[in-house]
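These notes are about the structure you will find just below.
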Amino acid sequence: WFWFLLAALVSPMMVGLRMDFSMLLEPLGFVKVLEWILAIFAFATCGGFQGETTLLVSCEGVVNKTVTATFAYPFRLNAVAFSAPDPKGCGGTWTDVYLMGNFSSSAQFFVTLAALVFLYCLTALVVYIGYNHVYQQNNKFPLTDLAISVLTAFLWLVSTFVWAKALADIKVSTGASIIPEIEPCKAPGTTCHFLSVTSMRILNVSVVFGLLNMILWAGNVWLLYKDTNLHSQWNRISESP
């Protein structure tokens with residue numbers, strides 16, 4: 001696709017540009033616009049998140065001090081620490097405490113796929129609108145488009161479920177269950193209470209957008225399949241006695 005687009009832009013005498021925005025009203029073009037928009041939403045809802053989890057700490061000489069750990073995409077929680085509320089006031093028992101877990105691979109897989117899909121959809125729309133006559137005349141392009149769509153639908157399936165599992169673990173690693181794992185909270189005279197954590201509804205929405213992308217790309221596979229000679233060949237085979 002990228003080599004084809006480059007050739008089309010560099011060699012206008014060989015491949016004439018024919019702008020036809022009516023393709024956006026066709027199922028193939030309209031679905032591509034939806035895929036482009038959903039990829040943006042999937043990217044933004046996951047990649048733009050920032051939150052914090054807060055504890056209330058009481059120890060000898062220090063009463064009700066809050067400590068906060070701020071985390072964000074790509075969710076390397078093991079690099080995020082609760083700073084000491086007052087090391088001297090806690091008798092020197094409090095040290096920086098780090099959250100547990102590194103979920104960057106799952107988050108980056110999801111966001112990178114969304115970014116690549118965004119670029120691919122943009123390229124495909126340029127081809128559909130400006131070079132649809134070339135696309136329709138050469139069956140290799142619809143077949144390539146079909147193969148990429150099958151792969152993309154599969155990658156959306158994998159990345160969404162991987163990210164959903166990582167999100168569930170992130171909620172555990174930033175929730176109330178972290179209290180028993182914090183060693184300074186076990187020191188004599190020290191008490192820790194879970195106070196709050198930023199709502200992760202927007203991350204839940206990112207999983208929904210991942211599922212919507214998967215469904216949309218799976219439907220796009222069928223639309224592209226009907227535009228290739230594979231569909232006509234199958235019809236001839238099924239109609240033959």
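Just so you know, these numbers use all the heavy atoms, side chains as well, and skip hydrogens, waters and symmetry mates.
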Apply side chain to side chain contact (heavy atoms under 4.5 Å, CB included) to the pair Leu146 and Val221, showing each step before the final yes or no.
CA-CA 6 Å; Leu146 174 61; Val221 168; 3.8 Å; yes
Worked verdict on Phe209 versus Leu38 for side chain to side chain contact (heavy atoms under 4.5 Å, CB included)
CA-CA 7 Å; Phe209 278 125; Leu38 287 182; 3.7 Å; yes
Run the side chain to side chain contact (heavy atoms under 4.5 Å, CB included) test on Phe194 and Thr53 for me, step by step, so that the C-alpha distance in whole Å, both residues' side-chain angles and the decisive distance to 0.1 Å come before the verdict.
CA-CA 8 Å; Phe194 180 77; Thr53 182; 3.3 Å; yes
CA sep, side-chain torsions, deciding dist, call: Leu99, Ser173, side chain to side chain contact (heavy atoms under 4.5 Å, CB included)
CA-CA 7 Å; Leu99 295 175; Ser173 298; 5.6 Å; no
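In this structure, the side chain to side chain contact (heavy atoms under 4.5 Å, CB included) partners of Glu52, at least two apart in sequence or on a different chain, are Thr54, Thr68, Thr70, Thr198.
By the rule that hydrophobic residues join a cluster once side-chain heavy atoms approach within less than 4.5 Å of another member, Leu77 and Leu195 end up as members of separate clusters. Hydrophobic clustering (side-chain heavy atoms under 4.5 Å, transitive across Ile, Leu, Val, Met, Phe, Trp, Tyr) keeps Leu56 apart from Val67. Residues Ile215 and Phe43 fall within the same hydrophobic cluster, defined by Ile, Leu, Val, Met, Phe, Trp and Tyr side chains chained together at heavy-atom separations under 4.5 Å. Under the 4.5 Å side-chain heavy-atom criterion for ILVMFWY residues, no single connected hydrophobic cluster contains both Val197 and Met100. When hydrophobic clusters are built by joining Ile, Leu, Val, Met, Phe, Trp and Tyr residues whose side-chain heavy atoms come closer than 4.5 Å, directly or via intermediates, Val97 is not grouped with Val172.
By the 4.5 Å heavy-atom criterion applied to side chains, Lys171 and Leu203 are not counted as neighbours. Looking at heavy atoms from C-beta onward, Tyr128 lies in side-chain contact with Asp145 at the 4.5 angstrom threshold. Trp156 places a side-chain heavy atom less than 4.5 Å from the side chain of Phe110. For the pair Leu55 and Ile178, the minimum side-chain heavy-atom distance is below 4.5 Å. Here the side chains of Phe82 and Pro184 are not in contact, with every heavy-atom distance at 4.5 Å or above. Taking the side chain as every heavy atom from C-beta outward, Tyr73 and Gln108 approach each other to under 4.5 Å.
Within 6.0 Å of atom CZ in Phe49, more than 12 heavy atoms from other residues, nucleotides or ligands are found, so the atom counts as buried in its surroundings. Around NZ of Lys165, the count of heavy atoms belonging to other residues, nucleotides or ligands within 6.0 Å does not exceed 12. Under a cut-off of 6.0 angstrom, the local environment of CZ in Phe109 is crowded, with over 12 non-hydrogen atoms contributed by other residues, nucleotides or ligands.
Minimum interatomic distance between Cys192 and Ile179 (heavy atoms only, all atoms of both residues): O-CG2, 4.0 Å. Annotation for Ala42 and Ala114: closest pair CB-CB, 4.2 Å, computed over non-hydrogen atoms.
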Pairs under 3.5 angstrom only: tabulate donor-acceptor contacts from the side chains of residues 25-37 to other protein residues two or more places apart or in another chain.
residue	atom	partner	partner atom	Å
Lys32	NZ	Glu35	OE1	3.2
Glu35	OE2	Asn220	ND2	3.3

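Residue Asn213 holds its CG atom at 10.0 Å from OG1 of Thr152, rounded to the nearest 0.5 Å. Atoms CD and CZ, from Gln50 and Phe71 in turn, are 9.5 Å apart once rounded to the nearest 0.5 Å. Summarising the geometry, atom CD1 belonging to Ile148 is positioned 11.5 Å from atom CG belonging to Leu155; distances are rounded to the nearest 0.5 Å. Here Ile40 contributes atom CD1 and Thr45 contributes atom OG1; the two are 11.5 Å apart, rounded to the nearest 0.5 Å. Atom SG of Cys46 is separated from atom CZ of Phe41 by 15.0 Å, given to the nearest 0.5 angstrom. Interatomic distance, OG1 of Thr123 versus CZ of Phe118, reported as 9.5 Å (0.5 Å rounding).
Ring geometry for Tyr120 versus Trp217: interplanar angle of 30 to 60°, hence tilted.
Here Phe75 and Trp163 bring their ring centres to under 6.0 angstrom of each other.
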